[in-house]
Amino acid sequence: MSQTQQMTIIARIRSDFREKFGIPRQSGIVNELESTIVFEPAYRNMDALRGLEQFSHLWLIWLFSENVREGWTPTVRPPRLGGNERVGVFASRSPFRPNEIGLSCVKLQYIEKEKELGPVIHVTGADLLDGTPIFDIKPYLPYVDSHPEAEGGFAEEHKNYHLQIDFPEGLLEKVPENKRNALCGVLGEDPRPAYQRDPDRIYGMYFAGCEVSFRVRQDTLEVLDVCREDG
């Protein structure tokens, strides 16, 4: 048996993230994030989605398209451990893996058929960059996929980490109204690299057509400016 196997891209996601910086570290953390799944031409068949509307959540299997590289390392530095402590790559969800495959659970909102794009799936809670290739979509099955007794290892210690947001009203009004809650949710998850803790450093991220500048002091993220691409 061959040690390599080609996989086919069946769809791509459309999201408000045009760069990696700012994307939540896990799916489902910011439920206000809205995305759409658009199929590649060969897979624009409504029959392939028959019955999918009966499920509330989906698994997406996708490619870390911005992290494809030669080789791999057996250990990585998880962000929630401060970016300095190493653990085994298979004890993490790091994108730097032997195969750059991601797994996300998203909430299915609705499915519609568009004239030009065929079936389009609307989801929330995705942690994917705009244009990310998707290899497969599977229904989430609560009776087998949910294990309330499961232990979360070192990740459990940091699950409640969250920043307070200081977002001046005049700047918030520059953000499209239907994107404000999602943006605040993303900022609250602390987009900074775990190893950067300079209270005077100013960061910038793009979200929903806006460039947002901010800094973090202690447990508060202060938004300093918002520039819309459309002026």
Would you please test T220 and D166 for side-chain hydrogen bond (donor to acceptor under 3.5 Å, both in side chains) and show each step?
CA-CA 7 Å; T220 299; D166 179 5; over 6 Å; no
With heavy-atom distances below 4.5 Å as the criterion, would you say the side chains of [X] and [Y] are in contact?
X	Y	value
L129	S15	no
P142	F55	no
T8	Y43	yes
I13	T36	no
L187	L163	no
I121	Y110	no
C227	K174	no

For D198 and R215, what are the C-alpha separation, side-chain angles and deciding distance, and is it a salt bridge (charged side-chain N to carboxylate O under 4.0 Å, His left out)?
CA-CA 9 Å; D198 182 353; R215 66 185 172 196; over 6 Å; no
Measuring from atom [atom1] of [X] to atom [atom2] of [Y], what distance do you get when rounded to the nearest 0.5 angstrom?
X	Y	atom1	atom2	result
L172	F167	CG	CZ	5.0 Å
L33	F207	CG	CZ	5.0 Å
D190	D219	CG	CG	10.5 Å
F135	I10	CZ	CD1	10.0 Å
L128	L60	CG	CG	6.5 Å
K113	M46	NZ	CE	6.5 Å

Taking side chain to side chain donor-acceptor pair (under 3.5 Å) as the definition, give me every residue that meets it alongside [X], ordered by chain and number, with sequence neighbours left out.
X	result
N99	none
R25	none
E114	none

What is the minimum heavy-atom distance between [X] and [Y], and which atoms define it?
X	Y	result
V76	S94	CG1-OG, 3.7 Å
P193	F21	CD-CE1, 3.9 Å
D145	P139	OD2-O, 4.2 Å
L52	L108	O-CD2, 3.4 Å
L221	P191	CD1-CD, 4.1 Å

If you link I, L, V, M, F, W and Y whenever their side-chain heavy atoms are under 4.5 Å apart, who else ends up in the same group as V38?
L117, V120
Mind running side chain to side chain contact (heavy atoms under 4.5 Å, CB included) on R192 and R197 for me, showing each step along the way?
CA-CA 8 Å; R192 299 174 299 167; R197 288 294 182 267; 3.5 Å; yes
Using 30° and 60° as the class boundaries, would you call the ring planes of Y140 and W59 parallel, tilted or perpendicular?
tilted
Sorted by chain and residue number, the side-chain contact (heavy atoms from CB on, under 4.5 Å) partners of R93 (sequence neighbours excluded) come out as Q26
Residue set satisfying side-chain contact (heavy atoms from CB on, under 4.5 Å) with N178, at least two apart, ordered chain then number -> P176
Electrostatic pair K179:D16 at N-O distance under 4.0 angstrom:
yes
Charged N-O contact under 4.0 Å between E40 and R12:
yes
Are E189 and H162 close enough, and set up right, to give a side chain to side chain contact (heavy atoms under 4.5 Å, CB included), and what steps lead you there?
CA-CA 5 Å; E189 288 299 315; H162 194 80; 3.4 Å; yes
Within 45 degrees of the ring normal and closer than 6.0 Å to the centroid, is that where the cationic atom of R44 sits relative to F39?
no
For T124 and E34: C-alpha separation, side-chain torsions, deciding distance, then whether side-chain hydrogen bond (donor to acceptor under 3.5 Å, both in side chains) applies.
CA-CA 5 Å; T124 55; E34 300 177 343; over 6 Å; no
Are there more than 12 heavy atoms of other residues, nucleotides or ligands under 6.0 Å from atom CD of Q6?
no
Would a single hydrophobic cluster contain both L224 and L171, if residues Ile, Leu, Val, Met, Phe, Trp and Tyr are joined by side-chain heavy-atom contacts under 4.5 Å?
no
Applying the side chain to side chain donor-acceptor pair (under 3.5 Å) criterion to H122, which one of R14, E112, K107, Q109 satisfies it?
E112
Under the side chain to side chain contact (heavy atoms under 4.5 Å, CB included) rule, what do F64 and I101 come out as? Steps first, then yes or no, please.
CA-CA 6 Å; F64 282 106; I101 302 299; 5.8 Å; no
